[in-house]
Amino acid sequence: MNGDDKKNRYYAAAFIVVGIGLLLCIPLGQAEDSWDRTLAIAGGICSLCFGVYSFLKSRKS
(Lines give C-alpha, C1' and ligand atoms only; values in the text may rest on other atoms or scores of the structure.)
Protein backbone atom coordinates (compact mmCIF):
# COMPACT_ATOMS: atom_id res chain seq x y z
CA MET A 1 0.00 0.00 0.00
CA ASN A 2 1.50 3.32 -1.03
CA GLY A 3 1.02 6.69 0.66
CA ASP A 4 -1.94 7.72 -1.50
CA ASP A 5 -3.91 4.61 -0.61
CA LYS A 6 -3.29 5.20 3.06
CA LYS A 7 -4.36 8.84 2.77
CA ASN A 8 -7.50 7.84 0.87
CA ARG A 9 -8.41 5.38 3.62
CA TYR A 10 -8.07 8.13 6.22
CA TYR A 11 -10.39 10.34 4.15
CA ALA A 12 -12.85 7.48 3.80
CA ALA A 13 -12.78 6.85 7.56
CA ALA A 14 -13.34 10.56 8.19
CA PHE A 15 -16.42 10.60 5.94
CA ILE A 16 -17.79 7.52 7.71
CA VAL A 17 -17.28 9.13 11.13
CA VAL A 18 -18.95 12.36 9.98
CA GLY A 19 -21.89 10.40 8.56
CA ILE A 20 -22.38 8.51 11.82
CA GLY A 21 -22.12 11.77 13.75
CA LEU A 22 -24.76 13.42 11.60
CA LEU A 23 -27.12 10.48 12.02
CA LEU A 24 -26.55 10.52 15.79
CA CYS A 25 -27.75 14.14 15.93
CA ILE A 26 -31.33 12.91 15.65
CA PRO A 27 -31.61 10.58 18.68
CA LEU A 28 -29.37 12.83 20.81
CA GLY A 29 -31.77 15.74 20.39
CA GLN A 30 -29.52 18.09 18.41
CA ALA A 31 -31.91 18.21 15.45
CA GLU A 32 -34.78 20.28 16.77
CA ASP A 33 -37.17 20.68 13.85
CA SER A 34 -38.02 18.75 10.72
CA TRP A 35 -35.60 20.72 8.52
CA ASP A 36 -32.67 19.91 10.84
CA ARG A 37 -33.64 16.23 10.85
CA THR A 38 -33.95 16.20 7.06
CA LEU A 39 -30.49 17.71 6.61
CA ALA A 40 -28.98 15.37 9.20
CA ILE A 41 -30.46 12.32 7.49
CA ALA A 42 -29.47 13.42 3.97
CA GLY A 43 -25.98 14.50 5.00
CA GLY A 44 -25.42 11.37 7.08
CA ILE A 45 -26.48 9.01 4.33
CA CYS A 46 -24.46 10.83 1.64
CA SER A 47 -21.37 10.96 3.83
CA LEU A 48 -21.63 7.28 4.75
CA CYS A 49 -22.11 6.25 1.12
CA PHE A 50 -19.16 8.34 -0.06
CA GLY A 51 -16.98 7.01 2.76
CA VAL A 52 -17.80 3.38 2.03
CA TYR A 53 -17.32 3.96 -1.72
CA SER A 54 -13.95 5.63 -1.13
CA PHE A 55 -12.82 2.86 1.19
CA LEU A 56 -13.80 0.11 -1.26
CA LYS A 57 -12.17 1.99 -4.14
CA SER A 58 -8.92 2.35 -2.18
CA ARG A 59 -8.88 -1.41 -1.52
CA LYS A 60 -9.10 -2.29 -5.22
CA SER A 61 -6.14 -0.19 -6.25
Side-chain angles (χ1 to χ4, degrees):
M1 173 171 24
N2 61 20
D4 287 338
D5 288 339
K6 191 173 184 179
K7 186 172 67 171
N8 288 340
R9 287 189 183 183
Y10 285 135
Y11 285 133
F15 274 105
I16 291 170
V17 168
V18 168
I20 291 171
L22 284 170
L23 292 176
L24 282 177
C25 286
I26 300 163
L28 294 176
Q30 297 296 319
E32 297 174 358
D33 59 356
S34 64
W35 184 242
D36 289 343
R37 285 190 294 274
T38 303
L39 289 176
I41 291 170
I45 290 172
C46 289
S47 184
L48 279 173
C49 290
F50 186 72
V52 169
Y53 170 76
S54 297
F55 181 75
L56 293 176
K57 187 176 177 185
S58 73
R59 288 188 66 192
K60 287 183 180 179
S61 60

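Here the structure is a predicted model, which is why all the values come from computation and not from measurement.
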Which pairs, with at least one residue in residues 19-44 and sequence neighbours excluded, count as a ring-ring contact (aromatic ring centres under 6.0 Å, His included)? none

I'd like to check Arg59 versus Arg9 (side-chain heavy atoms, cut-off strictly below 4.5 Å). Are they in contact? yes

Quick one: pull up OG1 in Thr38 and CG in Asp33 and give me the separation to the nearest 0.5 Å. 8.5 Å

Test item: Leu48 and Leu23 side chains (from C-beta on) under 4.5 Å apart, heavy atoms: yes

Interatomic spacing from CD1 in Ile41 to SG in Cys46 - rounded to 0.5 Å: 11.5 Å

Considering all heavy atoms, the nearest Ser58-Asn8 contact: CB-CB, 4.1 Å

For the pair Ser54 (side chain) and Gly51 (backbone), establish whether a donor and an acceptor sit closer than 3.5 Å, ignoring hydrogens and angles. no

Quick check for you: to the nearest 0.5 Å, what is the distance between Ile20 atom CD1 and Cys25 atom SG? 12.5 Å

Is Val17 reachable from Phe55 through a run of hydrophobic residues whose side-chain heavy atoms are each under 4.5 Å from the next? no

Counterpart residues, ring-ring contact (aromatic ring centres under 6.0 Å, His included), relative to Phe50 (two or more places apart): Phe15

How long is the gap from CD1 on Ile16 to OG on Ser47, to the nearest 0.5 Å? 8.5 Å

